[in-house]
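Residue numbers begin at 1 in each chain, while the letters A, B, ... track the order of the sequences.
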2 protein chains.
Amino acid sequence: MILLDYRDARPIYAQICDGFRDQICTGILRPGDKLPSVRELATQLTINPNTIQRAYRELEVQGWVASEAGRGSFVLGIPESGENAALLKEFDKLTARLLAAGVSRETLLQHLGKGGNDNA
Amino acid sequence: MILLDYRDARPIYAQICDGFRDQICTGILRPGDKLPSVRELATQLTINPNTIQRAYRELEVQGWVASEAGRGSFVLGIPESGENAALLKEFDKLTARLLAAGVSRETLLQHLGKGGNDNA
DNA sequence: TCACTATACTGTATTAGTACAGTTTTGTCA
DNA sequence: TGACAAAACTGTACTAATACAGTATAGTGA
């Protein structure tokens with residue numbers, strides 16, 4: 001259950017992020033669990049679905065959850081160190097740059113496929 | 001002068017991006033030139049300043065312009081694109097690092113999917 | 001039972017309203 | 001002239017309204 005505190009200076013989406021991070025850290029939410037849909041939670045908290053989406057996207061970028069269009073958002077687990085976030089940001093910038101330079105997404109996908117082996 | 005075509009399927013912000021890219025490529029706008037402020041252009045086009053900001057941000061991420069809070073947005077020039085190979089090499093290196101750090105290929109694919117996908 | 005279509009979900013994208021924070025310029029007073 | 005406060009800019013952040021696109025499921029016919 002996510003609770004909002006409107007006296008809190010932090011934005012709503014950040015409070016939602018924190019709420020889910022807590023629930024994942026304490027084991028209330030476990031890898032594979034489904035998060036409430038953006039509309040469901042938005043209705044429950046009486047805020048706009050877009051604000052939920054903003055929170056889910058944040059959690060996704062940071063590696064806590066994964067969202068799939070048409071299916072839902074699912075818990076991944078506690079992401080590895082915070083340094084990865086910085087690396088991922090760099091990754092995003094580089095990607096944008098390559099796309100702007102005319103390199104196709106296919107090419108990048110191929111490069112991604114070629115890399116090492118393991119996974120997390 | 002940026003012109004909008006509301007019959008165009010492309011979103012407004014993408015049209016604005018294209019407009020400025022054209023002006024930079026053709027030399028109408030040169031490095032160091034100041035772009036109209038988000039409010040000024042928004043008023044001129046009778047759209048919301050936020051839509052302009054979206055376009056400027058896109059151009060900034062791609063390396064065409066630089067925005068400074070309180071000062072304005074300025075043309076940088078045509079982003080380097082000659083040595084895509086070098087950029088791709090950097091991409092590979094960064095990818096390897098991320099994978100080694102425990103970031104899953106899934107996460108990287110998601111990041112790739114999220115990147116801006118305006119012009120063809 | 002199986003195939004297919006309609007529908008009811010899901011996340012996502014685009015644009016807008018509004019408030020905030022940083023910088024520059026202008027005005028005022030000593 | 002110089003210092004300093006006020007105001008007029010600037011980009012940015014947060015939330016919301018709305019429309020779109022993908023997926024799963026329920027319903028219907030053979």
Inset, instruction - Find which nucleotide of DNA chain D each of Gly70(B) and Ile47(A) is nearest to by heavy atoms, and output the residue with the more 5' nucleotide. - result: Gly70(B)
Legend entry - Phosphate OP1/OP2 of dG11(C) contacted by Ser67(A) side-chain N/O (<4.0 Å): no
Inset, instruction - With the side chain of Tyr13(B) defined as its heavy atoms from C-beta on, choose the nearest nucleotide among dA16(D), dT14(C), dT12(C). - result: dT14(C)
Inset, instruction - Round to the nearest Å and state the distance from Arg54(B) atom CZ to dA13(C) atom P. - result: 8 Å
Inset, instruction - Among Ile47(B), Leu3(B), Leu59(B), find the one that has a side chain to side chain contact (heavy atoms under 4.5 Å, CB included) with Ile16(B). - result: Ile47(B)
Inset, instruction - Could you tell me which non-hydrogen atom of Tyr56(B) sits nearest to which non-hydrogen atom of Pro36(B), and how far apart they are? - result: OH-O, 2.6 Å
Inset, instruction - Measure from the side chain of Pro11(B), starting at C-beta and using heavy atoms only, and say which of dT15(C), dT12(D), dT23(C) lies closest. - result: dT15(C)
Legend entry - Whole-Å distance separating the CG atom of Leu59(A) from the P atom of dG11(C): 13 Å
Inset, instruction - Let me know the distance between OH of Tyr56(B) and P of dA13(D), rounded to the nearest Å. - result: 17 Å
Inset, instruction - Considering non-hydrogen atoms only, spot the tightest contact between Met1(A) and Gln23(A) and give its length. - result: N-NE2, 3.0 Å
Inset, instruction - For Arg57(B), report the nucleic acid contact type (base, sugar-phosphate, nothing); a contact means any heavy atom under 4.0 Å. - result: sugar-phosphate
Legend entry - Distance, rounded to the nearest Å, where Ile52(B) contributes CD1 and dA16(C) contributes P: 9 Å
Inset, instruction - Decide yes or no, distance alone: a donor-acceptor N/O pair under 3.5 angstrom between the base of dG11(C) and the side-chain of Arg71(A). - result: no
Legend entry - Nearest non-hydrogen partners of Ala42(A) and Asn48(A), listed with the distance: CB-C, 3.9 Å
Legend entry - Options dT15(C), dG11(C), dC20(C), nucleotide nearest the side-chain atoms of Thr51(B): dT15(C)
Inset, instruction - Whole angstrom is fine here: how far is it from CG in Asn48(A) over to P in dA16(C)? - result: 16 Å
Inset, instruction - Take atom CD1 of Ile12(B) and atom C1' of dA19(D), then tell me their distance rounded to the nearest Å. - result: 14 Å
Legend entry - Nearest heavy-atom neighbours spanning Ser73(A) and Ser67(A): OG-OG, 2.8 Å
Inset, instruction - Consider the side chain of Glu60(A), meaning its heavy atoms from C-beta on, and name the nucleotide among dT10(C), dT15(C), dT12(C) that approaches it most closely. - result: dT12(C)
Inset, instruction - Can you tell me the distance, in whole Å, between the CD atom of Glu58(A) and the P atom of dG11(C)? - result: 17 Å
Inset, instruction - Round to a whole Å and report the spacing from CG of Leu41(A) to C1' of dT10(C). - result: 14 Å
Inset, instruction - Verify the contact: side-chain N or O of Ser73(A) to OP1 or OP2 of dG11(C), cut-off strictly under 4.0 Å; return yes or no. - result: yes
